Structures are given as C-alpha cells and as structure tokens.
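Have a look at the structure below before the remarks.
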Amino acid sequence: RSFAKSLLRFLGFVFWGTAVVQVFGGVWVILMLKNYRYLFEESYLSLPGWLALATALILLPTGILAVSSSVKCSRNQQGTLMYLLLLLLCLEMSSAALARFYCVRTASQVESAMSYLVHQHNWTCSQDPGNSAVDVIQRKMQCCGIHNYTDWLKASSSRYHPACVPGSCCKEAHSHCRGELGHVEQLSEEGCLKKLRDQLCSAMLYIFWCCILLSILEFLAGVSNGILMRHQPFYELHIL
C-alpha cells in the first residue's frame, strides 16, 4: 500500500509533464497536415492530433487527482480518478491505432498527389521560383521532383520545355540559379517524396509511441489506485 501511494504520487507529476508532450505532438500533426492540405483530400487525417490535445486536457486533472488521492485517500477522488484513467486509456488506444494506420495510408497518398502536381505544373526557365503548391514544397523542403530532378524531364516529355527544371529546385546557397540542367550541382539532389513521407510518418509515430507509453503509465496508475481502493471499499457505493 505504501509503495502504491508513492507510485501514484510520482505518476501524478509525470502526467503533468506528459500533457505538455501530448500538446506538442498534437499541434505538430495538425499544423503539418494544414501546411500540406493540398496533398490530402480527407480532413479527418488530423484526428490523432486532436485526440492528443483532448488527452492532454484530461491529463491535467488526472495528475491532480493522482497526487491528491495518494495523500488523502478520499473515496470520491479515487473513484473519479479511476474513471478518468479508463477514459484516457480509451483515447490513447484510439489515437495510437489511428496514427499507425494513417502513417501507412498517407504515404501512398503523398506519391499520387505529388505526381499529379508535377505533371500539372507549367514552368519556365526563369529566376522566379514560382508560388504553386509544388514550388512551395520544393522550396521549403529543399527537394526536387518526386524522386529526383529527372521527374521534371519525364513530365515535360509530352510538351516543349527548355532544358531546365522549376527554379524552386535550386539550393538556397545558389541565389542566381535558374534551374538549368547544365548546372545540376546547383539543384537539390533529394526528391520530395521521401522527405514528405519521413516528415509525416515521424509526426504520426511520435503520437503512436507517446500513446503506448502513456497507456502503460495509466495502467500502472490504475493498479496503484485499485490497491488503495481495496483498503477502503465503497460500501455505500456498491451500485457502481
């Protein structure tokens, strides 16, 4: 019982810290999908992020109850804490499952969306980097094409284009680059597909592993709280 009290008190403080971690993960996923919204048709892909924010809000009172229940064994507080832990466990498992599933699903969607944007792009050999969706991605992520710059040559095979790629493919260090194929060393070497996949999956996997770790901590808190409740049965609340 003494160990259960100490563990519950410690987990209460941990819950406050993990609430910040969950907020970071939730905001990361939501903002990332908002920045690349033109790559995804489904708006529900940000659901793991919103679930992470909801979890963070519930973790704050849960941490307070965990610390309070370990100090004064109030029956009402112990019962409320157990309900909150069960609710958090459901949210964490749902968020982890969605994050894992969306990581695989978004990876395939990114390739088809990028292929469409590349083939629809109308570019010219100019210093202007352009403001289309694919230009924004290439400039922001310092990448070129789907897999590399040769994707632009394949995209231009059906219509005439000069021997160049969009100016957004140029590296930041080369301010006078115009995307000319005669100066390949001035172009970003890596394709955008891998970078986008890695960035999206990193955010989703961050949510996934946070949820798994938190679920274990919540299970330990539930066991500790159950041990304390066992020493003070709810005689007048048997209906629960």
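Quick caveat: nothing in here was measured; it's all calculated off a predicted structure.
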Handout entry: Nearest heavy atoms of Ser215 and Cys211, plus distance in Å
Key = OG-O, 2.7 Å
Practice task
Measure the OG-CD distance between Ser188 and Gln138 for me, rounded to the nearest 0.5 Å.
Solution key: 8.0 Å
Handout entry: Spacing of CE belonging to Met114 relative to CZ belonging to Arg197, to within rounding of 0.5 Å
Key = 11.0 Å
Problem - Closest non-hydrogen atom pair, Val29 against Ser46 - result: CG1-CA, 4.5 Å
Practice task
Using atom types as modelled and distance alone, determine if a side-chain donor or acceptor of Lys5 lies under 3.5 Å from a backbone N or O of Asn225.
Solution key: no
Practice task
Measure the spacing between CG of Leu65 and CG of Leu60 and express it to the nearest 0.5 Å.
Solution key: 11.5 Å
Handout entry: Same apolar cluster (I L V M F W Y, side chains within < 4.5 Å links), Tyr206/Leu196
Key = yes
Completion exercise
Lys195 and Gln142 have their tightest heavy-atom pair at NZ-O, 3.1 Å
Fill in the blank from the handout: CD (Glu92) and OG1 (Thr55) are apart, to the nearest 0.5 Å, by 4.5 Å
Handout entry: Side-chain touch Leu187/Lys171, heavy atoms, less than 4.5 angstrom
Key = no
Exercise for the section: Would you check if Val27 and Leu53 make a side-chain contact, meaning some heavy-atom pair closer than 4.5 Å? Expected result: yes
Completion exercise
Nearest heavy-atom contact between Leu205 and Cys103 is CG-SG, 4.5 Å
Handout entry: Gap separating the OG atom of Ser115 from the NE2 atom of His147, nearest 0.5 angstrom
Key = 9.0 Å
Handout entry: Side chain proximity check, Gln22 to Cys210, heavy atoms < 4.5 angstrom
Key = yes
Exercise for the section: Indicate if Phe10 and Leu217 have the same hydrophobic cluster label, given that clusters are the connected sets of ILVMFWY residues with side-chain heavy-atom separations under 4.5 angstrom. Expected result: yes
Problem - Side chain to side chain, Ile207 and Leu98, heavy atoms closer than 4.5 Å - result: no
Problem - Pairing residues for Cys169 by the disulfide bond (SG atoms under 2.5 Å apart) criterion, not counting sequence neighbours - result: Cys144
Handout entry: Verify same cluster id: Leu200, Ile137 (apolar side-chain graph, 4.5 Å)
Key = yes
Handout entry: Ser68 side chain to Ile64 backbone, donor-acceptor under 3.5 Å
Key = no
Practice task
Using the rule that two of Ile, Leu, Val, Met, Phe, Trp, Tyr join whenever any of their side-chain heavy atoms come within less than 4.5 Å, decide whether Val67 and Ile227 are in one cluster.
Solution key: no
Handout entry: Ser95 and Phe208, any side-chain heavy atoms less than 4.5 Å apart
Key = no
Exercise for the section: Verify side chain to side chain contact (heavy atoms under 4.5 Å, CB included) between Ile58 and Leu87, making sure each step is shown before the conclusion. Expected result: CA-CA 9 Å; Ile58 301 174; Leu87 177 60; 3.7 Å; yes
Exercise for the section: Assign the ring pair Trp16 / Phe13 to parallel, tilted or perpendicular, where the plane angle (0 to 90°) is split at 30° and 60°. Expected result: perpendicular
Exercise for the section: Taking the side chain as every heavy atom from C-beta outward, state whether Val134 and Ser168 have any pair of such atoms under 4.5 Å apart. Expected result: no
Practice task
Side-chain contact test, heavy atoms from C-beta onward, threshold under 4.5 Å: evaluate it for Cys192 versus Met141 and give yes or no.
Solution key: no
Problem - In one Ile/Leu/Val/Met/Phe/Trp/Tyr side-chain cluster, 4.5 Å: Leu51, Trp28 - result: yes
Practice task
Would you give the length of the straight line joining atom CD of Gln78 to atom CG of Leu8, rounded to the nearest 0.5 angstrom?
Solution key: 8.5 Å
Completion exercise
So ring pair (Phe, Tyr, Trp, His ring centres under 6.0 Å) across residues 90-112, not counting sequence neighbours, yields Tyr44-Tyr102
Handout entry: Where Ala99 and Pro48 come nearest, the two heavy atoms and their spacing
Key = N-CG, 4.0 Å
Practice task
Identify the two heavy atoms, one from Asp135 and one from Pro166, that lie closest to each other, and give their separation to 0.1 Å.
Solution key: OD1-CB, 3.7 Å
Problem - Min side-chain heavy-atom separation Leu86-Glu218 under 4.5 Å - result: no
Handout entry: Which residues share a side-chain hydrogen bond (donor to acceptor under 3.5 Å, both in side chains) with Lys194, sequence neighbours left out
Key = Asp198
